[in-house]
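Residue numbers start from 1 in every chain, and the chains themselves are labelled A, B, ... in the order their sequence lines are given, proteins ahead of strands. Computed from a predicted model, the values in this text were never measured in an experiment.
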Protein chains: 2
Amino acid sequence: METNDSAACLEMKGVKPTANRILVWKALRQSAHPMSLTDLEEVLETMDKSSIFRVLTLFLEHDIVHAFEDGRGILNYEPCTSKTACNLSDAHIHFYCESCRKSFCLDDIPLPEFHLKEGFTIHSVSFVIKGECPQCRKKES
Amino acid sequence: METNDSAACLEMKGVKPTANRILVWKALRQSAHPMSLTDLEEVLETMDKSSIFRVLTLFLEHDIVHAFEDGRGILNYEPCTSKTACNLSDAHIHFYCESCRKSFCLDDIPLPEFHLKEGFTIHSVSFVIKGECPQCRKKES
DNA sequence: GCAAGAATGCAACCGGGTTGCATCGTACGC
DNA sequence: GCGTACGATGCAACCCGGTTGCATTCTTGC
């Protein structure tokens with residue numbers, strides 16, 4: 001994941017690859033977990049919160065990342081991949097560890113089936129399971 | 001739903017039925033939708049936000065109401081009923097209308113099945129479907 | 001090299017949620 | 001009845017994630 005690759009990747013999605021945007025993109029790619037605005041702020045010390053925010057907003061508009069609320073109502077961002085498709089009927093399951101406060105993208109779990117009453121139009125779906133992740137569980141025992 | 005009934009109801013759950021607590025309880029019972037702290041603030045003009053907040057917190061502790069995040073990450077409260085059981089494996093599906101910004105408790109829809117990877121402990125589950133409710137949909141067309 | 005527009009940093013703001021603290025109300029003992 | 005002690009309440013201030021206005025700093029095309 002070199003800078004050149006990142007730049008090319010952003011450009012491909014229709015976004016000018018500025019230094020900051022590449023920083024944000026790399027941070028998201030390199031993280032094992034979806035990141036919140038605050039997480040990114042801590043990692044990208046050189047960047048202002050508002051700049052990160054604007055980059056994320058831009059990325060969202062260009063389907064470069066997608067966002068979801070974690071268990072605390074805080075937005076988390078993660079790069080769009082082939083696995084986590086970013087179309088209108090965008091649907092993910094996420095796991096939020098209440099111990100380490102990290103989110104996990106459970107993209108290998110199929111979205112459960114459900115049926116709505118007549119008349120409801122679905123825009124998006126947000127499934128979050130809260131609990132304790134394997135690592136934290138081990139630590140406690 | 002007389003005041004006496006409300007008082008008795010609260011007392012049964014181990015909460016002293018003060019005037020304010022009865023007000024909050026009645027407001028929640030009378031509302032067709034789950035209510036946020038702000039919703040309650042607007043309805044209960046005589047009460048301070050912090051008082052409402054503390055009443056809600058107390059109600060949560062006593063399983064009188066339960067709370068969930070709506071589509072915006074804002075907590076919504078609704079009275080516990082036999083339908084929406086308030087046990088540990090508390091699981092609801094909610095619908096959030098992005099047009100009128102109201103939440104709907106879809107307690108007649110069964111919780112979908114899903115299976116987690118080994119090692120994850122589930123504390124609670126939050127399923128929110130965002131979209132447009134029948135009323136808003138009608139208005140638009 | 002320069003002007004025009006985009007990107008950025010700073011500071012301030014917003015809104016939901018939360019807390020410290022002083023006051024008020026009430027229930028109980030006397 | 002009366003005082004006291006404790007819980008409930010209101011007020012104000014704070015926290016934090018998110019958002020915006022504005023001035024400054026790049027870029028980029030010319």
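For the pair B/E41 and A/S51, both in contact range of DNA chain C, the more 5′-proximal nearest nucleotide belongs to A/S51.
Atom CG in A/L40 sits about 13 Å away from atom P in D/dG17, given to the nearest Å. Nucleotide D/dT19 holds its P atom 9 Å from the CG atom of A/L37, rounded to whole Å. One interatomic measurement links the two molecules: NZ of A/K49 to P of D/dG18, which rounds to 9 Å at whole-angstrom precision. Put simply, CG on A/D48 is 15 Å from P on D/dC26, counting in whole angstrom units. Rounded to whole Å, the distance from NZ on A/K16 to C1' on D/dT25 is 13 Å. Rounded to whole angstrom, the span from the CE atom of A/M47 across to the P atom of C/dC10 amounts to 12 Å. Between the C1' atom of C/dC24 and the CG atom of B/N20 lies a distance of 12 Å, rounded to the nearest Å. In this entry the distance linking CD of B/E45 with C1' of D/dC11 reads 18 Å, nearest Å.
Counting any heavy atom pair closer than 4.0 Å across all strands shown, A/T38 reaches sugar-phosphate atoms only and no base atom.
Put simply, OH on B/Y77 and CZ on B/F59 are 12.0 Å apart, with the number rounded to the nearest 0.5 Å.
Counting distance only, with no hydrogens placed and no angle test, the side-chain atoms of A/T18 and the base atoms of D/dC26 include no donor-acceptor pair under 3.5 Å. Under 3.5 Å, the side chain of B/R72 and the base of C/dG15 form no donor-acceptor pair of N or O atoms.
If you check C/dG17, D/dG10, C/dC10 against the side chain of A/R54, the one that comes closest is C/dC10. Closest to the side chain of B/F53, out of D/dG18, C/dG9, C/dT19, is C/dT19.
Minimum heavy-atom separation, A/L56 to A/L40: CD1-CD1, 3.8 Å. Considering every non-hydrogen atom in both A/C80 and A/H66, the closest pair reads SG-ND1, 3.4 Å. Across every non-hydrogen atom of A/E78 and A/P34, the tightest pair is OE1-CG, 3.5 Å.
Without hydrogens or angle criteria, B/E41 side chain to B/K49 main chain gives no donor-acceptor distance under 3.5 Å.
Between C/dG9 and A/S50, no contact under 4.0 Å exists linking OP1 or OP2 to a side-chain N or O.
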